[in-house]
Amino acid sequence: QVQLVESGGGLVQAGGSLRLSCAASGRTFSSDAMGWFRQAPGKERKFVSAITWSGGNTYYADSVKGRFTISRDNAKNTVYLQMNSLKPEDTAVYYCAAKRDRTYYSSSDYRGQEYDYWGQGTQVTVSS
């Protein structure tokens, strides 16, 4: 059974930092592309960041570029999202997702929501 478990969310003041973790189990995680998405109250879920199976390529939404950093540790089956300079508009439930990576994937494949596995989400609240 594939499981993705996010952790690291919480309440932080604007300008602060958090590091989210997503621990994967139940499949060969090292072959997967991993993504982070977020959903604010009353809004649709949106792409935040993604990383290829090797970590060689990363992708970011314009709204978080330069503030967030995605990384992975395949030995630990874990992907991370370091979030710095947080803003109130970053408040959302953050979800990690996984799918088998493919050599022919383009940027849009990583940014889209067509992932096969999803975690339960972790709440991030940024106060002003």
Worksheet item: Is there a donor in the side chain of Ser17 and an acceptor in the side chain of Asn84, or the other way round, less than 3.5 Å apart?
Response: yes
Practice prompt. Would you check if the side chain of Asn74 reaches a backbone N or O of Trp53 as a donor-acceptor pair within less than 3.5 Å?
Written response: yes
Worksheet item: For Glu89 and Thr91, does a side-chain donor sit closer than 3.5 Å to a side-chain acceptor?
Response: no
Worksheet item: Under the side-chain contact (heavy atoms from CB on, under 4.5 Å) criterion, do Val48 and Tyr95 qualify, and how do the steps go?
Response: CA-CA 9 Å; Val48 175; Tyr95 299 91; over 6 Å; no
Item to complete: Would you mind listing every salt bridge (charged side-chain N to carboxylate O under 4.0 Å, His left out) that reaches into residues 36-55, with sequence neighbours excluded?
Response: Arg38-Asp90
Worksheet item: So, is the end of the Arg72 side chain (NZ or CZ) under 6.0 Å from the ring centre of Phe29 and within 45° of the ring's axis?
Response: yes
Discussion item. Do Arg111 and Asp109 make a side-chain contact, defined as non-hydrogen atoms from C-beta onward lying under 4.5 Å apart?
Written reply: no
Item to complete: Using the rule that two of Ile, Leu, Val, Met, Phe, Trp, Tyr join whenever any of their side-chain heavy atoms come within less than 4.5 Å, decide whether Leu20 and Met34 are in one cluster.
Response: yes
Discussion item. Does anything in residues 3-29 form a salt bridge (charged side-chain N to carboxylate O under 4.0 Å, His left out)? List the pairs, not counting sequence neighbours.
Written reply: Arg27-Asp32
Item to complete: Mind jotting down which residue pairs meet the disulfide bond (SG atoms under 2.5 Å apart) criterion with at least one end in residues 59-98? Sequence neighbours excluded, please.
Response: Cys22-Cys96
Discussion item. Tell me the closest heavy-atom pair linking Phe37 and Gly112, and the distance in Å.
Written reply: CZ-O, 3.2 Å
Practice prompt. Describe, in one word, how the ring planes of Phe68 and Tyr94 are oriented to each other, choosing from parallel (under 30°), tilted (30 to 60°) and perpendicular (over 60°).
Written response: tilted
Worksheet, complete the sentence: Residues Pro88 and Ser128: closest non-hydrogen pair is CG-CB, 3.8 Å
Worksheet item: Are any of the side-chain heavy atoms of Ser49 and Leu81 separated by less than 4.5 Å?
Response: yes
Discussion item. Show every salt bridge (charged side-chain N to carboxylate O under 4.0 Å, His left out) that has at least one partner inside residues 50-62, sequence neighbours left out.
Written reply: Asp62-Lys65
Worksheet item: Is Tyr105 linked to Phe47 within one hydrophobic cluster, defined over Ile, Leu, Val, Met, Phe, Trp and Tyr using a side-chain heavy-atom separation of less than 4.5 Å?
Response: yes
Worksheet item: Looking at residues at least two apart in the chain, or sitting in another chain, which of them share a ring pair (Phe, Tyr, Trp, His ring centres under 6.0 Å) with Tyr59?
Response: Tyr110
Item to complete: Mind checking the OG-CG spacing from Ser30 to Asp73? Nearest 0.5 Å is all I need.
Response: 11.0 Å
Fill in: Val126 with Val64, same ILVMFWY side-chain cluster at under 4.5 Å
yes
Worksheet item: Do any N or O atoms from the side chain of Thr122 and from the backbone of Gly9 form a donor-acceptor pair under 3.5 angstrom?
Response: yes
Worksheet item: How would you list, by chain and number, every residue that makes a side chain to side chain contact (heavy atoms under 4.5 Å, CB included) with Asp116, sequence neighbours excluded?
Response: Lys99
Worksheet, complete the sentence: Closest heavy-atom pair, Leu18 versus Gly8, reported as atoms and distance to 0.1 Å, is CD2-O, 3.8 Å
Worksheet item: If you round to the nearest 0.5 Å, how far is CD of Gln3 from OG of Ser25?
Response: 5.0 Å
Worksheet item: So, Ser108 side chain and Ser106 main chain: donor-acceptor pair closer than 3.5 Å or not?
Response: no
Worksheet item: Taking C-beta and beyond as the side chain, do Val124 and Met83 meet within less than 4.5 Å on heavy atoms?
Response: yes
Worksheet item: Are any side-chain N or O atoms of Thr52 and backbone N or O atoms of Asn57, one a donor and one an acceptor, separated by less than 3.5 Å?
Response: yes
Worksheet item: Between the main-chain N or O of Trp36 and the side-chain N or O of Tyr115, is there a donor-acceptor pair closer than 3.5 Å?
Response: no
Discussion item. Are Tyr60 and Ile70 packed together at the side-chain level, in the sense that at least one heavy-atom pair is separated by less than 4.5 angstrom?
Written reply: yes
